[in-house]
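Because the structure is predicted, anything quoted here is derived from the model rather than measured. For the single chain, residues carry numbers from 1 onward in sequence order. What you see below is based on every heavy atom in this structure, not just the backbone, and it leaves out hydrogens, waters and symmetry mates.
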Amino acid sequence: MSAMRRRPVLPTHQDDMEKVGGKPPQSRLCFLATLCAMFWVLIFYFHFFVIANEPGSAGADTAAGAAASIARAELPLPEPERVSDPAVPLPPPALVSEPPPTTATVAKVEEEEKPTAVAHQEAAPRDYAFQRALKTAENKSDPCGGRYIYVHELPPRFNDDMLRECERLSLWTNMCKFMSNEGLGPPLGNEEGVFSNTGWYATNQFMVDVIFRNRMKQYECLTKDSSIAAAVFVPFYAGFDVARYLWGHNISTRDAASLDLIDWLRKRPEWNVMGGRDHFLVGGRIAWDFRRLTDKESDWGNKLLFMPAAKNMSMLVVESSPWNANDFAIPYPTYFHPAKDADVLLWQDRMRSLERPWLFSFAGAPRPDDPKSIRSQLIDQCRTSSVCKLLECDLGESKCHSPSAIMNMFQNSLFCLQPQGDSYTRRSAFDSMLAGCIPVFFHPGSAYVQYTWHLPKNYTRYSVFIPEDGVRKGNVSIEDRLKSIHPDMVKKMREEVISLIPRVIYADPRSKLETLKDAFDVSVEAIINKVTQLRRDIIEDHEDKDFVEENSWKYDLLEEGQRTIGPHEWDPFFSKPKDKGGDSTNPSTNAAKNSWKNEQRGQN
């Protein structure tokens, strides 16, 4: 401002006289004008810089705006502040369910941006896209609240196209005949009176992919709105995909469909909600078929379960890895697929009323190439016992290939021996339970750390455990051990097994049980509970940061609410992943290959 600039030095009286030719200047008028200018300068200064700075004064906003304009005009612009500067607090994420803030809201936020307000904002809870799905469970009038499933509509190359080429799904077996009846296979006749009149099919043990997807189509809480989904199902036939390329194909071919699927999923908005942690899929084979550790052409299977994105998903397989956290075991399919509750209840009553003349029985073949197998010892003990029934499965077209012969033997036995198959598990365990026969396990990996969703964690309620090491060394008599169990306890255990039948069978996909939960229902409920708990842990910042994946089998045995693991009686069985079935190196590769060889022979 001109009035604020420094005034020049006044001329001397002699100089004035020289400029006007000796006449005195009009000094009084100049003096008055100067006083007037200084007066108004003081008035403006008082108004803009004193009154305007008083809080609550009228015109403060106007004065501040004018002063700020002057400052911007005269001062150089400062360098912009970086958002990463820790001294500048970032605003909390916008609530996903609210519209963008209005101009008035922005002004209010700017006015409140003081230290106390910033501290309050930092303490505010975050909002997540999946919270809408969690809130559906609070709607008590909605029977599907908290139970909705969203199903991806995959391109047919991931599922239906494989069924159209069903003759290529197995090297030795034409799988096309098993595709009938929604994946249940051809109906079984009941000429020998072993089965009930309806609901029995010649189901292949690796058909879970199709059966599960067809059951999902009948699920009562499907939704097209993924924002309310408790979980997201990926109907990829992972088991069929790996089966068609296991023999005579390079690793690029074996991995191609899995990589294609991951690429497709990651482009979907549903994936971004949790990075796939709410997604699940089914692979109706043992986990080792999907766990190739190396890229050596000689190594077994594909690497689906080791792909980084797939590690976020949950995969349901008929046998899981005790040392990995992204696969979960579900039952092998049996021959029984009831259409209604009455079919199950009638079958259970029939199993209760049966006379069982054999103390124990075994159906299987020896494994002479496996030094750790105890099958030969079991066969020897059964042969020498007068209370054991044996079906030997290495004699060509034996009765082991007949569902009616197997089920008839199980129905006439109190206990059924279930050693390890070519891997930890075997379908026979579920066939025997369907017949009301108490299973006898020799390794905890055959059931106890596998089917924790479907079977009681207290294994003594429904089974007998005899450590295989004692049998291998010849120190244990199976007959004596089973005879030592009191008849009342045997009756109680058999009743527990019979009560578990609905949970270990898959109902007919073309219908649905009314009140009973089958293996599909139990699996879906468990997945929903898993995802729901994970979402709540994320909101509450309670995720287990100390989780040790190598001890996954221990976490599966924890009761609800427990989080801490420690030493366990089964540590010796799972302490070395390099042992049988532990990874995709030689032992498990051989186990998987043997499984395929026995599939060629039609064995269980």
Side-chain angles (χ1 to χ4, degrees), residues 150-176 178-179 183 204 206-214 216-217 232-268 270-271 275-277 279-321 324 326-328 330 584 588-589 592-593 595-596 599:
Y150 177 85
V151 180
H152 276 299
E153 294 183 6
L154 297 180
R157 66 181 182 275
F158 293 120
N159 41 48
D160 293 336
D161 287 352
M162 297 185 203
L163 303 188
R164 297 186 186 99
E165 300 177 348
C166 52
E167 70 279 355
R168 297 180 53 218
L169 296 180
S170 175
L171 186 61
W172 303 290
T173 304
N174 186 345
M175 298 292 289
C176 295
F178 299 111
M179 301 299 168
N204 184 275
F206 298 121
M207 287 298 296
V208 176
D209 301 61
V210 175
I211 295 172
F212 202 98
R213 183 191 179 196
N214 288 330
M216 183 64 76
K217 293 176 181 177
V232 178
F233 179 56
V234 182
F236 173 50
Y237 290 157
F240 290 157
D241 171 56
V242 72
R244 58 184 173 169
Y245 297 130
L246 274 174
W247 296 95
H249 295 274
N250 59 34
I251 60 173
S252 296
T253 302
R254 283 181 262 161
D255 294 339
S258 297
L259 291 169
D260 188 12
L261 174 73
I262 296 300
D263 181 66
W264 188 93
L265 288 172
R266 294 182 69 175
K267 294 177 181 177
R268 300 288 301 175
E270 295 82 11
W271 181 270
R277 299 174 79 185
H279 284 48
F280 71 104
L281 70 162
V282 174
R285 302 200 64 86
I286 60 177
W288 320 115
D289 289 339
F290 310 101
R291 290 195 175 279
R292 191 188 73 242
L293 281 176
T294 76
D295 285 337
K296 295 179 180 178
E297 295 292 343
S298 59
D299 209 350
W300 180 259
N302 67 27
K303 61 178 182 181
L304 172 59
L305 283 174
F306 282 129
M307 294 178 183
K311 285 185 176 182
N312 286 348
M313 295 191 286
S314 299
M315 187 165 177
L316 311 186
V317 291
V318 293
E319 176 180 318
S320 63
S321 163
N324 297 99
N326 59 331
D327 53 14
F328 302 87
I330 59 176
S584 67
S588 61
T589 299
K593 288 181 178 179
S595 177
W596 277 83
E599 181 183 345

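- Distance NZ/K303 to CZ/R254: 11.0 Å, rounded to 0.5 Å.
- Ring centroid separation for the pair F280 and F233 comes in under the 6.0 Å cut-off.
- For the pair F206 and L169, the minimum side-chain heavy-atom distance is 4.5 Å or more.
- For the atom pair CD1 (I330) and CZ (F212), the distance works out to 5.5 Å, reported to the nearest 0.5 Å.
- Taken to the nearest 0.5 Å, the CD1 atom of I251 stands 9.5 Å off from the OG atom of S298.
- Minimum heavy-atom separation, R244 to R168: CB-O, 3.4 Å.
- Taking both residues in full, the closest heavy atoms of V210 and G183 are given as CG1-CA, 3.9 Å, listed atom of the first, atom of the second, then distance.
- Taking the side chain as every heavy atom from C-beta outward, D160 and R213 approach each other to under 4.5 Å.
- The CG atom of L304 sits 5.0 Å away from the CE atom of M315 when rounded to the nearest 0.5 Å.
- Summarising the geometry, atom CG belonging to D255 is positioned 12.0 Å from atom CG belonging to D260; distances are rounded to the nearest 0.5 Å.
- The backbone N or O of F178 sits nowhere less than 3.5 Å from a side-chain atom of N204 that would complete a donor-acceptor pair.
- Shown are F290, W247, Y245, W288; of these, the ring pair (Phe, Tyr, Trp, His ring centres under 6.0 Å) with W300 is made only by W247.
- R292 and T294 make their closest contact through NE-O, 2.6 Å (heavy atoms, listed as atom of the first residue, atom of the second, distance).
- A309 and I262 make their closest contact through CB-CG2, 3.5 Å (heavy atoms, listed as atom of the first residue, atom of the second, distance).
- No donor-acceptor pair under 3.5 Å is formed between the side chain of N324 and the backbone N or O of N326.
- Considering all non-hydrogen atoms of both residues, D209 and G284 come closest at OD1-N, 2.8 Å.
- Taking 4.0 Å as the cut-off between side-chain N and carboxylate O, D263 and K267 count as a salt-bridged pair.
- In this structure, NE2 in H152 is found 5.0 Å from CG in L265, a value given to the nearest 0.5 Å.
- Of all heavy-atom pairs spanning F236 and L261, the tightest one is CD2-CD2, 3.4 Å.
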**Request:** Tell me, with the steps shown, if D241 and M162 meet side-chain contact (heavy atoms from CB on, under 4.5 Å).
**Result:** CA-CA 8 Å; D241 171 56; M162 297 185 203; 3.8 Å; yes
**Asked** Which is it for M313 and W271 under the side-chain contact (heavy atoms from CB on, under 4.5 Å) test, yes or no, and what are the steps along the way?
**Response** CA-CA 10 Å; M313 295 191 286; W271 181 270; 3.8 Å; yes
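- A donor-acceptor pair under 3.5 Å links the side-chain atoms of N312 to the main chain of G275, judged by distance alone.
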